[in-house]
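Naming: A, B, ... by sequence-line order, numbering from 1 per chain.
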Protein chains: 2
Amino acid sequence: MLSKKSQYAFQALGFLAERYLQGPVLIAEISRKKKIPLKFLENILLELKKEGVLESKKGKGGGYFLASDPAKIKVASIIRLLDGPIAMLPCVSLYFYERCKNCNEKSCGLHDMMLEVRDATLKILEHRSLNDLVSK
Amino acid sequence: MLSKKSQYAFQALGFLAERYLQGPVLIAEISRKKKIPLKFLENILLELKKEGVLESKKGKGGGYFLASDPAKIKVASIIRLLDGPIAMLPCVSLYFYERCKNCNEKSCGLHDMMLEVRDATLKILEHRSLNDLVSK
DNA sequence: TTATTAGTCTACAAAGATAGTAGGATATCT
DNA sequence: AGATATCCTACTATCTTTGTAGACTAATAA
């Protein structure tokens, strides 16, 4: 399951995608509209900023906004930033790979199965962007 | 990611699938062959027994064995028993469903996306059995 | 230049999950 | 009775999750 952090992040990012190119949005507004605990949201947005997903402006008229076109920001990449691996096993993870101790990957049924799951999952998540979070 | 518990469980279940109908297998043997901490494995197998996946016999000549044909035991059901939901969001889970507070499911982009992921995942895991864990 | 606004940063804390371990109780076989 | 092997409860240590607190910094406007 996605963590609360990721779930909140997607709600916030969806909101920011709707407001893309319309100037900075206050943390407090996102918090209010999306019912996300303010201080928790602060931390999440800050993290997304450090990872280059968001930009911000301080002071009056400030707030957060997407660093790039929402169509270019993949859902898969956000999950990886905040929750880590998408795969169900370390030995089938693209970005967080770790070797299995006990099985050799050439002949491990579980490995093959989870590789299939990973591919099916990424086929979806790598082709969905923040624009897909915007309700039409 | 699957927990260590699930990962160990699949190794043990794969081993028991290979030995199906060949009599009880000792916890100690599984622990040794699959390099799983003995006492941890005890707990896992006991849980799987309580859930009806395994049966056991005490005393000399005892041990664990599959309660039914490995071809009939779905990988998806084992994950649910030990780790809980397979879906990435509570609101798209079949067996652990919980309503979203903030989004309505009719028009939530994330909901739709994660529903797709769930379906793609289950399409694989619901059609794989313990026999698929046995190396050929 | 001072007050206000709004994000930045570090640290902390409570609760829960994870990954085990310990040791005695119970059932079964010889 | 004694050996074997699972059963069961409880415990612990560590990590992760889900936040909260409060001081700091930057930008704006009066």
Could you tell me how far apart [X] ([atom1]) and [N] ([atom2]) are, to the nearest whole angstrom?
| X | N | atom1 | atom2 | answer |
| --- | --- | --- | --- | --- |
| Q7(A) | dT18(D) | CD | P | 8 Å |
| F40(B) | dT18(C) | CZ | P | 10 Å |
| I36(B) | dT18(C) | CD1 | C1' | 16 Å |
| L38(A) | dG7(C) | CG | C1' | 11 Å |
| I27(B) | dT4(D) | CD1 | P | 16 Å |
| M1(B) | dC15(D) | CE | C1' | 15 Å |
| E29(B) | dT6(D) | CD | C1' | 16 Å |

- Query: With a 3.5 Å cut-off and just heavy-atom distances, do the side chain of N43(B) and the base of dT21(C) make a donor-acceptor pair?
  - Reply: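 Looking at the base of dT21(C), it does pair with a donor or acceptor on the side chain of N43(B) (distance under 3.5 Å).
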
**Q.** Whichever of L82(B) and G63(A) has its nearest DNA chain C nucleotide further upstream toward 5'
**A.**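 With L82(B) and G63(A) compared, the 5'-side residue is G63(A).
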
Here's a test of your reading of the structure: between K60(A) and E42(A), which maps to the more 5' nucleotide of DNA chain C?
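Closer to the 5' end of DNA chain C: K60(A).
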
[X] side chain: which of [options] is closest?
| X | options | value |
| --- | --- | --- |
| K39(B) | dG7(C), dA5(D), dC8(D) | dC8(D) |
| L46(B) | dT6(D), dG20(C), dC8(D) | dC8(D) |
| K57(B) | dG19(D), dC29(C), dC8(D) | dC29(C) |
| K58(A) | dG19(D), dA26(D), dG20(C) | dA26(D) |
| S3(B) | dA19(C), dT18(D), dT6(D) | dA19(C) |

Original post:
CE of M113(B) to CG of L133(A): how many Å apart, nearest 0.5 Å?
Top reply: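 Output value for this atom pair is 5.0 Å.
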
So L26(A), base contact, sugar-phosphate only, or nothing? Heavy-atom distance under 4.0 Å.
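Counting heavy atoms under 4.0 Å across all strands, the contact made by L26(A) is with sugar-phosphate only.
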
* Below 4.0 angstrom from OP1 or OP2 of dG20(C), is there any side-chain N or O of K5(B)? ->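 No.
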
**Study point:** Phosphate OP1/OP2 of dT18(D) contacted by Y8(A) side-chain N/O (<4.0 Å)
**Key:**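 Checking Y8(A) against dT18(D): no side-chain N or O falls below 4.0 Å of OP1 or OP2.
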
| query | Would you call R19(A)-E29(A) a salt bridge at under 4.0 Å N-O? | reply |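 Salt bridge flag = yes for E29(A) with R19(A).
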
Checklist entry - Is a side-chain donor-acceptor pair under 3.5 Å present for K49(A) with S56(A)? => result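 Yes.
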
Check: Going through the checks in order, is the ring pair (Phe, Tyr, Trp, His ring centres under 6.0 Å) test met by Y20(B) and F65(B)?
Finding: CA-CA 7 Å; Y20(B) 185 52; F65(B) 49 98; 9.0 Å; no

